[in-house]
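This report refers to the structure that appears directly beneath it.
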Number of protein chains: 2
Amino acid sequence: MEEAAVLLKQKGLKVTPQRLAILNLLRNTKEHPTAETIYKKLVSDFPTMSLATVYKTLEVLKNIGLIQELNVGEGSFRYDANTNSHTHLVCFGCGKVEDLDESVLQNLIEEAKKHTDYKLVEQKLYFYGYCPACQKMLSN
Amino acid sequence: MEEAAVLLKQKGLKVTPQRLAILNLLRNTKEHPTAETIYKKLVSDFPTMSLATVYKTLEVLKNIGLIQELNVGEGSFRYDANTNSHTHLVCFGCGKVEDLDESVLQNLIEEAKKHTDYKLVEQKLYFYGYCPACQKMLSN
DNA sequence: TATTAAAAGAAAAATATTATCTTTTATGAA
DNA sequence: TTCATAAAAGATAATATTTTTCTTTTAATA
């Protein structure tokens, strides 16, 4: 059995096709979709799927630590199956949200701890700018 | 005349008591309020003030660069008269949002530029954890 | 295979934000 | 200083996103 299924069972939660489908979709995309986008992508495979199920499933998956919720400053949340405290790139041009390789920013939280008396547990770092394609468009 | 008033005029926008009040409120608080909170604080001084006016004003102030919009992962936006790309601390306990002195994180964007072909223009960095008061509460 | 608690699905409700329309007001000209 | 007017304020409706409620269906265990 897949480790996500094991984790769900451990928490006393049911392993449903919808839950696995939403998790797998998030694991197989790099585009950090919204609930709406997830719904639209799954409704062909799951014609009875409801948007409420997507929201409820995302809540569950978030609570058991299988996904994380992002908000890059749009009207809605995006979801990411990479639960590491990694950095995101947001394109002002097309609005896409990508991951940034974090090697150099690794110890950001350690550095920040020196400057606050908060007990820090995680961070969210968003960079905003223009992706290569949008840069090209703008220069024409 | 105050520089905010000058800036509004330069952009062909009217200098209204509501706009100045919202900007001043943001400049005199460290709590990064939401539109709702701003409205509640101003409605005693401006009994006719409408929530729509708060939203429209925040949009205007944001567009001319006098304030910035934050989203730390709540259902709503917060606003900040400090328009520098500075770092925020979010308390998981009480939900308050504070500023973090940024001295060490100054060159974050420069560092990130080495790792992406995006043209970066700004960043948002949120740290999450527990403020001193909430740490104390939790340890009891 | 039957039982049952939990999840899915449908629909309504709640929230946050934006848009529309009318009234009021800031601003610049007379 | 008053007047004209375009823009903003204010009231309200609309929209969008998310959550809740309720009924039906299903996963999991006996």
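A note on names: the letters A, B, ... follow the listed sequences, proteins ahead of strands, and every chain is numbered from 1.
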Under 4.0 angstrom between [X] side-chain N/O and [N] OP1 or OP2:
| X | N | value |
| --- | --- | --- |
| B/Q18 | D/dG10 | yes |
| B/S50 | D/dA11 | no |
| B/T16 | D/dA8 | no |

Just wondering, are more than 12 heavy atoms of other shown residues or ligands nearer than 6.0 Å to NZ in A/K119?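 No, not enclosed.
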Starting at [atom1] of [X] and ending at [atom2] of [N], how long is that distance when rounded to a whole Å?
| X | N | atom1 | atom2 | value |
| --- | --- | --- | --- | --- |
| B/K56 | C/dT23 | NZ | P | 15 Å |
| A/E36 | D/dA16 | CD | C1' | 9 Å |
| B/L13 | D/dA9 | CG | P | 10 Å |
| A/E74 | C/dT17 | CD | C1' | 15 Å |
| B/Y39 | D/dA9 | OH | C1' | 12 Å |
| A/K11 | D/dA27 | NZ | C1' | 20 Å |
| A/E59 | D/dT20 | CD | C1' | 13 Å |
| B/L58 | C/dT18 | CG | P | 10 Å |

Parallel, tilted or perpendicular, as decided by the 30° and 60° cut-offs, for the rings of B/H32 and B/H88: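 Perpendicular.
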Going by the angle between their ring planes, with limits at 30° and 60°, are B/Y128 and B/F92 parallel, tilted or perpendicular?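 Plane angle under 30°, so parallel.
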Measure distances between side-chain N and O atoms of B/K14 and base N and O atoms of D/dA6, and say whether any donor-acceptor pair falls under 3.5 Å.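 A donor-acceptor contact between them is present.
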What closest approach, in Å, do A/Y126 and A/L70 show between heavy atoms, and which atom pair accounts for it?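 Closest approach of A/Y126 to A/L70, heavy atoms only: OH-CA, 3.7 Å.
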Of the listed nucleotides (D/dT18, D/dG10, C/dT17), which one gets closest to any side-chain atom of B/Y55?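 The answer is C/dT17.
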The side chain of B/V15 is closest to which nucleotide in this list: C/dA19, C/dT17, C/dT27?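 It is C/dT27.
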Using a cut-off of 4.0 Å on non-hydrogen atoms, how would the nucleic acid contact of B/P17 be classed: base, sugar-phosphate, or nothing?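 The residue B/P17 makes sugar-phosphate contact but no base contact.
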5'-most by nearest nucleotide on DNA chain C - B/S76 or A/T48: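 Of the two residues, A/T48 wins.
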Between B/E98 and A/Y118: side-chain donor-acceptor atoms closer than 3.5 Å: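 Present: a donor and an acceptor within the cut-off.
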